[in-house]
Amino acid sequence: MRRVDAQRLNFGGGGGGGGGSCASGDVSDTAVLAASVTPRSGPCDQAADNITSQSPAGPLKAAPSLPQHDPGSRGDSPTMSSAASTASDTGVDLVSTSHPAGAAPPPPASSGATQVPSSVNQAPAPAAPRVAGPCHAKTDNGGTLFHTMGGLLSQSLTELKVLITSDDSRLGGAVRWLTGAPAPQYKRMPQQPVTTAREGIKIEAVAGAILAGPHWAAEGVDEQRGILQLTLSELVFVPGASNGPSNAASNTASAASSPVAETPSHASLTSHTLPYYMVTEVRLGTQVCAGGGGSVTLVCRDFTRWLLKLPQHSLAVLVAQSVAAMSAVLLADQLPAFQQQANPTAADNTAEPWAAERIQQDFERMGVPGTDWRRSSANDTYALCSTYPRALYVPARIDDDTLGLAANYRSRGRFPVLSFRHRNSATITRCAQPLKGLLQQRSDADEQLVRAIFAASSNQNLDRREHIVDCRPHLNAVANMANGKGFESEDHYGSHCRLSFRDIPNIHVMREALRMLLDASHDMRLARALSVAKRQLADGAVPSATALDGAVRRWQADVQASNWLAHVESVLKSAAFVASLVDGRCESVLVHCSDGWDRSTQLTSLSQLVMEPFYRTMEGFAVLLEKEWLGFGHKFSDRCGFLYHCPDEVSPIFTQFLDCVWQLQRRDPNSFEFNERFLVQLHHEIMGCKFGNFLFNTDQERHSKHQVQKNTRCIWPQLLEATELRNPAFVPKLGCLQVQSHGCVVFSALYAPWLQCIEVPS
């Protein structure tokens with residue numbers, strides 16, 4: 001048995017080693033549908049179990065604050081996931097978990113100070129000062145190995161490494177109840193925007209509130225009592241404060257004079273702040289907990305979670321309604337990027353590395369324009385296709401009139417254009433699905449354009465083939481024909497043309513898969529088990545492996561059930577397929593999905609990252625994102641939910657791309673100039689909405705409508721100049737990377753940093 005990097009946990013098949021795919025896990029269909037680890041049998045009585053029990057011995061320490069936030073395609077219909085929501089949902093820890101059948105319910109948690117009602121017409125409570133959050137740095141001090149039921153534990157005062165055995169035989173009934181999915185544990189509050197901020201705040205402060213979260217629990221701070229304040233811009237939680245009347249009579253009497261709970265003046269208290277715009281989902285507990293309390297779970301863009309327990313269920317409803325209303329950003333100028341000082345002068349703005357000039361230089365590096373390719377000016381005013389960039393590169397023999405006719409035959413007007421030209425002259429082009437329909441419509445202009453693309457990419461290889469890669473499952477593409485869309489017929493685009501489907505699920509499947517992965521990774525039981533084991537090691541004791549082993553195995557099963565890693569492997573496999581055609585066989589590829597801005601972008605950008613060493617540098621990676629993701633209209637605003645949106649449009653497509661990049665990086669780290677922290681920081685900065693680059697859906701919206709280059713800051717100087725985000729062992733590697741699509745592991749540094757200490761044998 002050999003040790004694996006402590007930041008990694010592989011989810012191979014039950015009897016296999018670390019190299020297996022999670023898609024081939026041994027969890028049965030019945031086990032996947034089950035969603036409970038302990039029997040659920042009644043109203044919510046877990047308040048004491050999950051909030052007040054298992055807290056660290058001794059007085060509560062000052063809690064670390066939250067890290068400071070630097071601040072659709074509808075072609076495929078939504079599909080229901082075959083795996084129901086599991087009981088490892090973090091919301092369950094505070095919402096509605098019942099005690100095991102036959103066991104006495106746990107005693108109700110002491111509510112501490114009672115709530116003080118407030119009026120929305122009064123001034124908000126003053127916000128406590130911000131304090132920088134903890135750094136999840138990992139050190140390796142070595143230590144003594146202890147044999148346990150689940151494997152080996154490594155003793156270290158700063159880190160716990162858990163080595164889980166590869167025997168998954170206990171994943172059966174001992175881990176999951178095979179009784180089907182439980183009743184809903186929470187209600188998702190609708191995020192409806194309000195006219196004014198004060199209209200959205202239903203309550204200004206609640207005393208006697210309890211705050212928890214897995215990122216705190218893993219550090220030994222299981223719960224924090226204090227005052228929850230709802231200001232006009234953010235939530236503020238001041239732990240350790242329990243002032244306020246202790247009974248209803250005095251509470252009512254004091255409400256007339258002081259409707260907001262008094263903020264304590266203790267300088268030693270560390271407050272936690274959460275800007276409303278960082279909240280993507282508000283979950284209200286559907287059942288009243290013991291003692292009449294209620295619970296709210298706040299899911300954030302950076303994958304942190306606030307788990308709140310309020311003294312009364314009615315207070316939980318008011319808090320949930322307020323946060324749901326305040327987190328629905330309606331206007332662009334409400335985003336942090338537009339509320340900060342932009343670059344002071346126009347000269348400074350033009351000096352920033354914004355997109356247009358660098359993308360042009362990138363195409364020139366590829367030999368475009370040239371004899372076979374030209375720059376079209378047909379979209380200089382975004383008149384031809386509003387979701388494409390201004391500069392479009394097309395075959396030299398195709399005029400702009402033909403481009404206009406071809407655009408009429410493609411969904412959203414996204415006709416085939418050049419994305420990448422290899423040094424061997426083979427190309428990657430991209431577009432949207434054709435408007436073929438049940439009547440088998442054809443377009444001479446579209447066929448002429450595609451044939452010209454393949455001819456311009458010719459390298460005199462008589463045995464060459466041209467490929468159309470449809471990212472979708474074949475069944476989805478066929479179903480779209482009923483909506484007047486569909487897929488190409490091979491014989492219409494040349495005798496050497498071949499069409500292949502890559503079976504990548506749609507945005508709705510990806511959204512559900514990541515939700516299940518995050519719910520599993522943010523399970524409070526797992527975070528508490530890690531904290532207890534760390535504390536036992538620090539005290540010189542041998543940790544009990546029973547609770548920790550069960551929690552880790554439950555997490556492993558839930559991750560397998562989410563299928564997130566299987567989807568990541570599918571995207572990587574498809575990108576490797578495109579790269580093998582272009583780089584290995586000198587054959588050109590036309591890529592599309594439904595509308596060409598989600599799965600198509602993943603495949604075109606990943607395949608270029610695999611083939612082209614320039615894109616593996618920090619500057620080249622920035623150019624790749626500007627060209628493929630921003631220029632060609634990935635809908636960041638809709639997919640990330642930056643502005644008030646339809647929930648069905650939200651999907652972690654870009655997050656999944658970063659996950660795929662990390663999977664490549666961890667296997668061949670020295671081929672990348674940037675490190676893991678660069679990817680994590682990039683994701684956090686984008687979700688924080690403090691920079692203009694990744695706001696909105698299209699280049700037209702960013703540069704013509706909202707003028708982000710003038711009114712906001714550019715993200716790249718901060719990232720590209722940070723030495724801690726560079727890989728000191730970087731060695732430029734010429735040629736194509738070797739892609740292994742199997743054996744993907746959870747990107748814990750992004751999704752749940754406290755889980756980086758878990759590892760498995762190979």
Side-chain angles (χ1 to χ4, degrees), residues 68-73 191 193 233-234 275-280 300-303 326-343 348-350 352-359 382 386-390 507 595 597-598 601 605 621-647 649-658 679-720:
Q68 290 299 304
H69 306 289
D70 280 340
S73 172
Q191 294 176 284
S233 60
E234 62 189 4
Y276 293 123
Y277 65 83
M278 290 297 295
V279 178
T280 59
C300 304
R301 298 188 196 283
D302 61 353
F303 304 137
M326 299 300 293
S327 61
V329 179
L330 186 61
L331 301 175
D333 58 11
Q334 296 175 322
L335 294 172
F338 291 91
Q339 296 176 350
Q340 301 178 11
Q341 182 180 3
N343 298 295
D348 290 335
N349 268 337
T350 56
E352 294 282 4
W354 293 86
E357 182 178 352
R358 296 198 303 173
I359 293 177
Y382 301 104
S386 62
T387 61
Y388 269 179
R390 287 190 176 97
I507 62 172
D595 291 323
W597 48 44
D598 290 316
T601 305
S605 55
F621 191 73
V623 172
L624 180 66
L625 298 186
E626 295 275 8
K627 175 166 66 81
E628 295 298 320
W629 289 85
L630 299 175
F632 283 108
H634 176 68
K635 300 165 58 173
F636 276 97
S637 184
D638 288 351
R639 296 295 180 257
C640 300
F642 292 150
L643 297 176
Y644 178 59
H645 58 279
C646 171
E649 286 290 297
V650 176
S651 189
I653 300 302
F654 183 74
T655 299
Q656 189 176 57
F657 163 76
L658 293 182
L679 298 176
V680 174
Q681 186 69 19
L682 173 64
H683 187 271
H684 287 346
E685 297 290 2
I686 292 174
M687 296 304 163
C689 301
K690 277 195 170 182
F691 301 92
N693 306 65
F694 291 85
L695 299 181
F696 311 111
N697 289 333
T698 65
D699 255 5
Q700 181 186 31
E701 292 181 11
R702 277 184 289 273
H703 298 295
S704 296
K705 182 177 180 180
H706 296 285
Q707 298 182 345
V708 295
Q709 188 167 349
K710 175 183 177 181
N711 298 321
T712 68
R713 294 186 298 160
C714 179
I715 193 175
W716 299 121
Q718 175 172 318
L719 293 179
L720 301 184

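Below, each value reflects all heavy atoms present in this structure, side chains not excepted, and no hydrogens, waters or symmetry copies.
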Student: For the atom pair NE2 (H706) and CD (Q700), what is the distance rounded to the nearest 0.5 Å?
Tutor: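 Here the interatomic distance stands at 10.0 Å.
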
Student: Backbone N or O of Q334 within a donor-acceptor pair of the Q339 side chain at under 3.5 Å?
Tutor: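 Checking the backbone N and O of Q334 against the side chain of Q339, a donor-acceptor pair under 3.5 Å is found.
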
Student: Indicate yes or no for a side-chain donor-acceptor contact from R301 to the backbone of I686 under 3.5 Å, with no hydrogens or angles considered.
Tutor: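 Between the backbone of I686 and the side chain of R301 there is no qualifying donor-acceptor contact (under 3.5 Å).
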
Student: Go through the steps for M687 and F642 under the test side chain to side chain contact (heavy atoms under 4.5 Å, CB included), then give the verdict.
Tutor: CA-CA 8 Å; M687 296 304 163; F642 292 150; 4.2 Å; yes

Student: Taking all non-hydrogen atoms of both residues into account, name the closest pair between Y382 and S704 and its distance.
Tutor: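 In this case the closest contact between Y382 and S704 is CE1-OG, 3.5 Å.
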
Student: Look up atom OH in Y277 and atom SG in C300, then write down how far apart they are to the nearest 0.5 Å.
Tutor: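 These two atoms lie 11.0 Å from each other.
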
Student: Side chains of L658 and V680: does their closest heavy-atom pair fall under 4.5 Å?
Tutor: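 The answer is no, as the side chains (C-beta and beyond) never meet within the 4.5 Å cut-off.
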
Student: Is the distance from the ring center of H634 to that of F632 below 6.0 Å?
Tutor: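 Distance test on ring centres: not under 6.0 Å, no.
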
Student: Can you name the side chain to side chain donor-acceptor pair (under 3.5 Å) partners of H683, sequence neighbours left out?
Tutor: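 Partners of H683 under the side chain to side chain donor-acceptor pair (under 3.5 Å) test: T655.
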
Student: Hey, could you give me the CD1/CZ distance between I653 and F636, rounded to the nearest 0.5 Å?
Tutor: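 Reported to 0.5 Å precision, the distance equals 11.0 Å.
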
Student: Does the side chain of L331 come within less than 4.5 Å of F338's, by heavy atoms?
Tutor: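 Not touching, per the 4.5 Å side-chain cut-off.
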
Student: Which atom names give the shortest non-hydrogen contact between G631 and P389, and what distance separates them?
Tutor: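 Shortest heavy-atom separation between G631 and P389 comes out as O-CD, 2.9 Å.
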
Student: Are side-chain heavy atoms of F696 and L630 found at a separation under 4.5 Å?
Tutor: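 Of all side-chain heavy-atom pairs linking L630 with F696, none is under 4.5 Å.
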
Student: Between D699 (side chain) and R390 (backbone), is there a donor-acceptor pair under 3.5 Å?
Tutor: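 No: the side chain of D699 does not pair with the backbone of R390.
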
Student: Does the plane of the ring in F694 sit parallel, tilted or perpendicular to the ring in F654? Use 30° and 60° as the thresholds.
Tutor: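 Tilted, since the angle between the ring planes falls between 30° and 60°.
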
Student: Side-chain contact, heavy-atom cut-off 4.5 Å: W597 with N697?
Tutor: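 They are not in side-chain contact.
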
Student: For residues N693 and L625, determine if any side-chain heavy atom of one lies less than 4.5 Å from a side-chain heavy atom of the other.
Tutor: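 No, too far: nothing below the 4.5 Å cut-off.
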
Student: Residues two or more places apart in sequence or in another chain: which of them pass side chain to side chain donor-acceptor pair (under 3.5 Å) with S637?
Tutor: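 S637 satisfies side chain to side chain donor-acceptor pair (under 3.5 Å) with no residue once adjacent residues are dropped.
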
Student: Please assess M278 against D302 for the test side chain to side chain contact (heavy atoms under 4.5 Å, CB included), listing each intermediate value before the final yes or no.
Tutor: CA-CA 8 Å; M278 290 297 295; D302 61 353; 4.0 Å; yes

Student: Is a side-chain N or O of R702 found less than 3.5 angstrom from the main chain of L695, in a donor-acceptor match?
Tutor: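 Confirmed, R702 side chain pairs with L695 backbone.
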
Student: Can you check side chain to side chain contact (heavy atoms under 4.5 Å, CB included) on R358 and W716, steps first, answer last?
Tutor: CA-CA 12 Å; R358 296 198 303 173; W716 299 121; 3.4 Å; yes

Student: For residues G692 and A337, report the shortest heavy-atom separation together with the two atoms involved.
Tutor: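 Smallest interatomic distance, heavy atoms only, reads N-CB, 4.3 Å.
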
Student: Determine, step by step, whether T712 and L335 satisfy the side chain to side chain contact (heavy atoms under 4.5 Å, CB included) criterion, reporting the C-alpha distance in whole Å, the side-chain angles of both residues, the deciding distance to 0.1 Å, and the verdict.
Tutor: CA-CA 10 Å; T712 68; L335 294 172; over 6 Å; no

